[in-house]
Each structure stands twice: as C-alpha cells, then as structure tokens.
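See structure below.
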Amino acid sequence: MNKILVANRGEIALRIMRSAKEMGILTVAVFSEADREALHVRYADEAIFIGPAPANQSYLVGEKIIEACRATGADAIHPGYGFLSENPVFAQLVKDAGLILIGPTPEAMAIMGNKLSAKAAALKYQIPMVPGTEEAITDISEAKRRAAEVGFPILIKAAAGGGGKGMRVVDDISVFEEQMQLAVSEALSAFGDGAVFIERYVSSPRHIEIQVLGDNHGNIVHLFERECSIQRRHQKVIEEAPSSILSPEIREKMGKCAVDVARSVNYTGAGTVEFILDENLDFFFLEMNTRLQVEHPVTELITGLDLVKEQIKIASGEALSFSQEDLKINGHAIELRVYAEDPQHNFLPDIGVLKTYRTPKGNGVRVDDGFEEGMEIPVYYDPMIAKLITYGASRTEAIARMLRAIAEYDITGIQTTLNFGKFVMEHEAFISGNFNTHFVSKYFNPEERENGNEEEALIAAIVALNHLKKKNNAVLAVPPAEESNNWLKNRKNYH
Ligand code: MV4
C-alpha cells in the first residue's frame with residue numbers, strides 16, 4: 001500500500017492521515033466546497049475537490065471517491081466513520097475498481113447492516129440475545145401473540161435502523177397495532193425498508209461495546225470494552241474504557257461472544273460488537289458496527305495499540321502480530337465529545353465561528369480535532385468540534401485529568417458540551433459508576449427537560465437554521481447523522 005485516500009473530513013480524516021504518515025504511506029484528502037480551508041486538506045500530501053457542500057453531492061458520492069483515486073493513483077480508501085463507511089454497495093464498487101477498502105468485506109457489511117440478519121448470523125454461536133421475533137413481522141395477530149409471549153413492555157425496532165433510530169417502546173397490547181403501523185411507516189420513510197421486529201424492552205440498560213480486530217488469516221481478537229451509557233438522543237457524549245461495572249469474568253465472556261459474532265461473518269478489519277447489560281449484569285448482543293468508531297481512542301489508550309495502523313496492516317494482508325493472551329488493559333481512558341451544541345437548551349446545534357480556540361495540553365491529554373481558531377463550524381456536517389480524551393493510571397486519575405483539561409480548554413464564539421462534561425465528571429452517579437443509559441434525562445437539567453419536547457425543539461431549530469441558510473443552498477442534516485450505520489438511508493442520496 002503506497003497511497004491512501006481518506007474519504008472523510010474533520011478530525012477523523014486527520015487522525016487517519018497521521019497514522020498513514022507514520023507508516024510512510026502517502027495520503028490524499030477529498031474536500032467539498034465547505035472544506036476548502038479545512039485542516040485535513042492542508043495536512044494531506046494531495047487533495048482533490050469533490051463537489052458542493054451537501055454530503056450527498058460530495059462525501060457520499062462513491063463514484064467521485066473512486067475517480068479521485070484514479071486521478072491520484074491512490075491504491076486504498078479509508079472511509080473513516082459515517083458517510084460511506086458502512087455502505088456495502090460502495091464497498092463492492094471499490095473492490096470492482098481494483099482498489100482496497102480499509103474495512104470489512106461487502107458481504108460482512110451487508111449482513112451486519114441489518115439487525116435481523118446480524119442476529120441470524122450470530123445464532124450460529126451461543127450468543128445471548130434479547131427474546132423477540134427472529135424475523136420481520138408480517139402478520140399482526142402473529143406479532144401480538146409473540147409480544148404477549150415475550151411480555152410487555154416490548155420494543156419495536158427497524159431492521160435497517162441503527163443507533164436507536166426507528167425504535168418504539170410499547171407498554172401494553174392495546175396500543176400494539178397502532179404503534180406497529182407507526183413504526184413500519186417510520187422505518188419505510190427513514191430507511192426505505194419497512195421491516196420491523198420486536199424485542200423485550202430492557203428498561204435501564206448500560207450500553208457496552210467490544211472492539212474487535214480480525215485479519216485475513218482467520219485470527220480474531222477483542223480489545224476489551226467501552227462503556228457508552230452517557231448519551232442523549234441516542235448520541236454518545238462520554239465514553240470510557242474499561243467499564244467500571246464489568247468483572248473480569250463478565251469481560252471475558254462478553255469478549256468471547258464479540259469474537260464469535262465477528263467470526264459468524266468471517267469478519268476482517270476493525271469492528272464493534274454492541275451489547276446491553278441489564279441490572280442483573282446479564283448481557284445481550286444487539287448489533288455490530290462495521291467501521292472504526294468515534295470513540296476508538298479510549299481503546300487505543302488502554303491497549304497501547306493504534307487502531308488505524310492495525311486496520312491498514314490488515315487491509316495489506318498482514319496477520320495480527322499479537323494474540324488475545326498478549327492483550328492487557330492498562331489504566332483508564334475517558335472521552336468527551338466536544339460538540340458545537342448548547343446543553344442548556346436541549347443540546348441544540350449552535351453555529352458560528354471559533355472566536356477563541358485553545359486546546360488543553362500535558363500529561364495524559366489527547367485532543368483529536370479538525371479546527372483552528374477563527375474557523376467556522378460548517379452546518380452541513382456533524383457538529384462535533386473535537387474529542388477530548390484523557391488517560392490515567394486509574395479511573396480517578398482519568399476523571400481528575402478530564403476536569404483539568406476541560407478547565408484549560410478555551411472555546412469562545414460557540415456553545416459547547418465542555419460544561420456538560422464537567423457536570424458529568426463531578427456527578428456522584430458517574431463517580432461511583434452507578435449509572436445507565438438514562439443518566440442524561442435523569443440527572444441533567446430535569447426541570448427544563450421534563451417540560452420540553454426535545455425532539456420537537458430540535459426539529460424546530462433545524463427548520464429555523466435551514467431557513468437562515470437557504471440563500472446559501474444549504475441543507476442541514478438532522479443529527480445524529482455522522483455515525484449511524486443506516487447505509488440504506490444514505491443510499492437514497494448515493495449516486
Ligand atoms: C434496546 C434497549 C433496550 N431493550 N433493546 C439503542 C441503540 C441501538 N443500538 C439499540 N438501543 C437499545 N436497544 C432492547 N431490547 C435499549 C437501547 C438503548 C437505549 C434505548 C432508549 C434510550 C437510550 C438508549 C441508549 C442506549 C441503548
């Protein structure tokens with residue numbers, strides 16, 4: 001591999017190029033009209049313009065990416081996260097063009113891109129799964145029978161959905177049919193696929209995921225877990241590794257299950273197996289993400305590995321240079337996603353210029369960002385400014401470092417999630433490790449959040465922003481847009 005084209009932007013494009021440079025591999029950036037001045041463009045050895053700001057006319061157009069490879073002689077593509085990263089149609093296109101995709105095969109991507117086929121594949125092994133229907137619901141009375149068997153509350157999920165989109169909790173059989181119809185039409189319009197299924201609703205889970213790596217020689221290992229329970233609107237804000245709730249025994253069991261899930265599709269590359277853990281510490285497999293994830297740095301810090309380098313080596317055909325027994329957890333890492341959002345107003349996106357922008361430094365602090373002072377946060381893409389990651393010998397030290405780093409981080413001109421990070425780091429439930437996916441709604445700004453309909457407020461804000469930006473022909477995506485694995489939705493824009 002001599003030259004890698006990074007089909008992405010922002011912090012992840014920079015992060016990927018850094019590893020490529022260290023390996024002596026040349027880099028190619030692609031950029032839209034909105035990213036002419038972006039750091040990833042300046043950092044790369046070469047850069048190719050690929051079209052207008054809206055992603056469906058630039059970063060999501062597979063043919064333009066492949067054409068940019070032809071123009072520059074790049075032999076491989078790293079898709080980062082979001083955009084084309086989990087699109088099996090694109091993965092096949094890359095393969096057919098004789099190029100290397102730094103990621104799994106189109107087949108593995110396609111199976112894991114659908115929650116039902118993912119669960120069906122995992123059935124080959126003894127993987128704990130939430131009781132529910134194994135196939136898409138086609139018959140209402142049959143579905144009602146299954147729902148009663150499973151027991152209420154149940155959850156209706158879209159098979160093509162990802163990251164919590166298209167989920168509906170149903171408390172009682174009397175509203176099952178109408179909820180089911182709503183779920184189907186929602187899934188149809190969001191993903192172009194109306195297939196839905198049901199699961200027993202695990203009401204207060206922790207969201208824990210396991211990082212895996214598979215090579216082309218049949219070796220698959222896991223790199224332990226990330227705790228991802230601190231989220232709002234199904235978008236993670238704080239992640240950490242390891243999770244303070246897992247005993248070594250559960251960790252080993254979960255790790256083995258994650259490896260088996262990956263093995264069920266002969267997985268190659270970096271991937272993440274997602275689980276929920278209930279109050280009895282029983283865990284259940286939910287889905288697999290077939291990309292490098294936003295929060296991968298916490299795993300890098302506790303394992304000492306560079307996940308992008310591992311991805312590149314795997315894609316070059318190298319065997320993993322370590323086995324499961326070689327891997328150990330060292331210390332503790334926490335990531336705070338610094339979004340251009342106002343936590344005081346239901347995390348609504350905040351637009352503007354980074355009037356002041358100074359990052360924290362020093363021992364145990366890593367900042368992955370894609371902006372400089374004076375830059376504007378484009379409205380076209382995900383509003384994440386940076387990832388602030390701290391590392392310590394213990395969780396206590398990592399938390400103390402995070403608080404110190406938040407205090408040093410100087411951002412003006414835009415509201416950010418930095419203060420929210422401080423709130424979490426100082427909260428007794430977080431410090432004690434006694435929290436679940438309801439942390440934000442339970443503890444953060446309860447008065448305001450109980451009264452307001454955050455979803456409606458978000459949509460209203462986006463409508464207003466779009467109105468403001470109309471003269472520039474901008475279309476703002478409804479966040480979270482960047483990281484979801486619903487390639488079907490992206491496919492609508494794909495071409
Ligand atoms: C669940 C669940 C409870 N029970 N499935 C959310 C993201 C997607 N990957 C799957 N998710 C969940 N699936 C069952 N059977 C809880 C979640 C979930 C969640 C649900 C509501 C509010 C916030 C959540 C955060 C993480 C996971």
Side-chain angles (χ1 to χ4, degrees), residues 81 86 112-119 122 127-134 137 143 146-147 149-171 176 179 183 186-187 190-191 196-210 225-240 243 245 258 261 271-291 293-295 337 346-347 424 435-444 449 454-455 458 479-487 489:
Y81 52 72
E86 294 181 282
M112 290 305 175
N114 181 290
K115 292 180 184 178
L116 280 171
S117 52
K119 287 178 84 169
I127 314 287
M129 286 186 249
V130 188
T133 55
E134 281 174 20
I137 297 167
R146 278 298 293 151
E149 268 171 38
V150 165
F152 287 89
I154 58 129
L155 194 56
I156 306 179
K157 291 184 172 183
K165 275 186 217 162
M167 298 195 329
R168 258 161 200 280
V169 181
V170 185
D171 292 316
F176 180 78
Q179 288 298 314
E186 221 172 78
F191 312 114
V196 299
F197 63 103
I198 64 177
E199 277 180 1
R200 195 188 82 218
Y201 178 55
V202 181
S203 63
S204 298
R206 294 173 78 114
H207 194 168
I208 291 177
E209 58 187 32
I210 307 257
E225 78 279 6
R226 294 183 288 257
E227 161 74 63
C228 302
S229 297
I230 312 282
Q231 39 180 291
R232 45 111 186 81
R233 290 193 298 262
H234 296 295
Q235 196 168 29
K236 299 159 188 163
V237 198
I238 290 166
E239 304 98 341
E240 62 178 315
S243 166
I245 193 86
V261 169
T272 299
V273 183
E274 215 178 278
F275 297 91
I276 45 175
L277 186 81
D278 70 13
E279 279 137 317
N280 305 322
L281 303 182
D282 288 325
F283 64 84
F284 308 96
F285 164 62
L286 287 186
E287 56 190 271
M288 181 171 189
N289 302 315
T290 57
R291 60 170 185 272
Q293 295 206 213
V294 173
E295 59 272 25
R337 299 190 190 187
N346 288 326
F347 296 94
V424 176
F435 59 90
N436 56 42
T437 52
H438 301 302
F439 180 94
V440 177
S441 53
K442 194 167 169 191
Y443 300 120
F444 188 68
R449 299 178 65 89
E454 48 178 301
E455 209 70 38
L458 174 70
E482 198 81 339
E483 217 207 343
S484 67
N485 78 3
N486 56 72
W487 65 277
K489 187 183 175 195

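FYI, the numbering just counts along the sequence from 1. Start at 1 and go down the list; that is how both ligands and their atoms are numbered.
- Using a 4.5 Å heavy-atom cutoff, the side chains of Ile156 and Glu186 are not in contact.
- Residue contact check: His234 has heavy atoms under 4.0 Å from atoms 6 (C), 19 (C), 20 (C), 21 (C), 22 (C), 23 (C), 24 (C) of ligand 1.
- Looking at Lys115 next to ligand 1, no N or O pair under 3.5 Å apart turns up.
- No hydrogens or angles considered: a donor-acceptor pair under 3.5 Å links the side chains of Thr272 and Gln293.
- With ligand atoms numbered from 1 in the order given, ligand 1 contributes 5 (N), 14 (C), 15 (N) to contacts under 4.0 Å with heavy atoms of Glu199.
- Salt-bridge annotation for Arg291 and Glu86: present, with a side-chain N of the basic residue lying under 4.0 Å from a carboxylate O of the acidic one.
- You'll find the side chain of Val130 stays beyond 4.5 Å of the side chain of Leu155, heavy atoms only.
- Counting heavy atoms closer than 4.0 Å to ligand 1, residue Val202 contributes atoms from both its backbone and its side chain.
- The shortest side-chain heavy-atom distance between Val169 and Asp171 falls under the 4.5 Å cut-off.
- Close contacts of ligand 1 with Glu287, meaning ligand atoms under 4.0 Å from a residue heavy atom, involve 8 (C), 9 (N).
- Annotation: Arg200 places an N or O atom under 3.5 Å from an N or O atom of ligand 1; distance criterion only.
- At a heavy-atom distance under 4.0 Å, no atom of His438 approaches ligand 1.
- Atom numbering of ligand 1 starts at 1 in the shown order; those under 4.0 Å from a heavy atom of Tyr201 are 3 (C), 4 (N).
- Remark: Lys119 engages Glu199 in a salt bridge, criterion side-chain N to carboxylate O under 4.0 Å.
- Of the options Met129, His207, Met167, the smallest heavy-atom separation from atom 17 (C) of ligand 1 is shown by Met167.
- Between Lys236 and Glu209 there is a salt bridge, since a side-chain N of the basic residue sits under 4.0 Å from a carboxylate O of the acidic one.
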